[in-house]
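Remarks on the structure that follows.
Only this structure's heavy atoms are used, side chains among them; waters, hydrogens and symmetry mates stay out.
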Amino acid sequence: MVTFYDRTFESRLLLGTARYPSPEALRQAVLRSGAEIVTVSLRRESTGGEKAGHAFWSLIRDLGVAVLPNTAGCHGVREAITTAQMAREVFGTSWIKLEVVGDPETLQPDPFALVEATRALVADGFQVFPYMTEDLVLAEKLMDAGCRVLMPWGAPIGTGKGLNNPYALALLRRHFPEATLVVDAGIGKPSHAAAAMELGYDAILLNTAVATAGDPPAMAEAFAEAIRAGRRGHEAGMMAETDLAVASTPVFGAPFSPFSG
């Protein structure tokens, strides 16, 4: 079970809804993954035309999943706030995945704008899911602004590089034991997702790795299995690493040859 603000879910996998080869591929990916939350860009759906937007929204409603709107493509505080307010009207939720782009090449979020927009949105009644780098000080500022969920990247969006800085991600987990932490962006393989869960993260948000796979529904299912395995490994207690070899077979009681000299 994982809790996002006042709502609890069974699945620890959140799925994006962009770049799928067809609506049916998206539908099957959500069903086979067991995901209970999907992210939606208000900007992308609005540019698809009224008919396309209506068909997409009907698909999401039929799946019965929770919707996490995002402010993807926003480059400033006012733009992000306006998009969030529009998304609340369209999707009927106070949830918002807050994205404020700071660098156009890496799509790295602008930490200063992110904190400023978070403060304004929390004051306006939003429950903010901030997309951020793995910076500890930024995380503290966002928590102070009213966030109870943090979404640090594993690597830049769409790169598939996995966890670029596992040390910093592990530090965030230790520093904020009560926060809900989600690795968002850069995850390219099921093993990447498992590694994040082994660090103690609460959930994973994916899009490109599933949507652009040769078989998106099968890949979505693979990620769901990896996330469950990583979480179970974390809960069971991972073995400690050592610099020297440690024999796994005990000497006492071990069979031996009577002819050994």
Side-chain angles (χ1 to χ4, degrees), residues 1-5 7-16 33-37 39 68 70 97-99 106-109 111 114 118 128-144 147-210 219-243 246:
M1 305 285 283
V2 59
T3 299
F4 297 102
Y5 290 99
R7 301 180 65 180
T8 300
F9 299 86
E10 292 282 349
S11 176
R12 295 178 182 273
L13 171 59
L14 292 71
L15 275 181
S33 71
E36 298 170 276
I37 302 172
T39 61
L68 174 59
N70 66 50
K97 180 190 170 189
L98 181 61
E99 300 182 32
T106 64
L107 301 181
Q108 178 171 324
L114 193 61
T118 294
V128 179
F129 296 62
Y131 170 60
M132 54 177 284
T133 59
E134 69 276 47
D135 184 271
L136 179 61
V137 176
L138 173 57
E140 289 177 334
K141 298 293 184 182
L142 290 168
M143 293 291 286
D144 289 344
C147 292
R148 285 157 47 196
V149 176
L150 299 174
M151 305 183 80
W153 67 0
I157 293 172
T159 61
K161 291 183 176 295
L163 308 184
N164 275 355
N165 194 342
Y167 169 79
L169 290 171
L171 187 63
L172 280 180
R173 177 70 286 176
R174 291 195 300 271
H175 199 77
F176 300 104
E178 302 303 320
T180 300
L181 300 184
V182 183
V183 170
D184 174 18
I187 300 295
K189 304 173 184 177
S191 58
H192 296 160
M197 299 304 291
E198 289 169 356
L199 292 177
Y201 274 69
D202 296 290
I204 304 292
L205 195 158
L206 298 164
N207 192 168
T208 307
V210 171
M219 185 60 76
E221 187 174 356
F223 269 107
E225 292 170 354
I227 288 168
R228 285 192 291 268
R231 182 66 185 184
R232 287 171 183 166
H234 170 73
E235 292 174 343
M238 313 293 288
M239 70 172 285
E241 294 184 7
T242 66
D243 293 327
V246 178

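- The closest donor-acceptor contact from the side chain of Arg174 to the backbone of Pro177 lies at 3.5 Å or more, if one exists at all.
- Contact annotation: the side chain of Glu225 never approaches that of Leu13 to less than 4.5 Å [non-hydrogen atoms, C-beta and beyond].
- Panel note: side chain Arg148, backbone Tyr5; a donor-acceptor pair is recorded below 3.5 Å.
- Glu198 approaches His234 most closely through the heavy-atom pair O-ND1, 3.5 Å.
- The two residues Lys97 and Met151 make their nearest non-hydrogen contact at CG-SD, 4.1 Å.
- Looking at Leu68 and Phe129, their side chains come closer than 4.5 Å, going by heavy atoms from C-beta outward.
- Taking each heavy atom of Ser11 and Glu36 in turn, the nearest pair found is N-OE1, 2.6 Å.
- Here the rule is side chain to side chain contact (heavy atoms under 4.5 Å, CB included) with Leu150, and of Asp202, Asp184, Leu181, Val128 only Leu181 fits it.
- With rounding to the nearest 0.5 angstrom, the CD1 atom of Ile157 is 10.5 Å from the CD atom of Gln108.
- Contact of the Pro111 side chain with the Asp135 side chain is not registered, since no non-hydrogen atoms from C-beta on lie closer than 4.5 Å.
- Between atom CZ of residue Arg228 and atom CZ of residue Arg12 there is a gap of 11.5 Å, rounded to the nearest 0.5 Å.
- When side chains are defined from C-beta on, Met219 does not count as touching Ser33, because their heavy atoms never get closer than 4.5 Å.
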Please evaluate residues Phe9 and Ile37 with respect to the criterion side-chain contact (heavy atoms from CB on, under 4.5 Å), reporting the C-alpha separation (whole Å), side-chain torsions for both, the decisive distance (0.1 Å), and the verdict. CA-CA 9 Å; Phe9 299 86; Ile37 302 172; 3.8 Å; yes
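- To the nearest 0.5 Å, atom CD1 of residue Ile204 and atom CG of residue Leu14 are 9.5 Å apart.
- A distance of 9.0 Å separates CD1 in Ile187 from OG1 in Thr159, rounded to the nearest 0.5 Å.
- Rounding to the nearest 0.5 Å places OG1 of Thr133 at 10.0 Å from CG of Leu169.
- Taking both residues in full, the closest heavy atoms of Thr118 and Cys147 are given as CG2-SG, 3.5 Å, listed atom of the first, atom of the second, then distance.
- Residues Glu134 and Tyr167 are not in side-chain contact: their nearest non-hydrogen atoms beyond the backbone lie 4.5 Å or more apart.
- Heavy atoms only, all atoms of each residue included: Tyr201 and Val182 are closest at CD2-N, 4.1 Å.
- Ring pair Trp153/Tyr131 is perpendicular by interplanar angle, where above 60° counts as perpendicular and below 30° as parallel.
- Separation of atoms CG (Asn165) and CG (Leu171) is listed at 9.5 Å; rounding is to 0.5 Å.
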What verdict does the side-chain contact (heavy atoms from CB on, under 4.5 Å) test give for Leu163 and Leu199, after you've listed the backbone C-alpha separation in whole Å, the side-chain angles of each residue and the deciding distance to 0.1 Å? CA-CA 11 Å; Leu163 308 184; Leu199 292 177; 4.1 Å; yes
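- Minimum heavy-atom separation, Ala203 to Phe4: CB-CZ, 4.1 Å.
- Side chain of Thr180 to main chain of Thr3: a donor-acceptor pair is present (N/O by atom type, distance under 3.5 Å, no hydrogens or angles).
- Remark: Met1 CE is packed, more than 12 non-hydrogen atoms of other residues, nucleotides or ligands lying under 6.0 Å away.
- Counting heavy atoms from C-beta outward, Leu98 and Pro109 have side chains that stay 4.5 Å or more apart.
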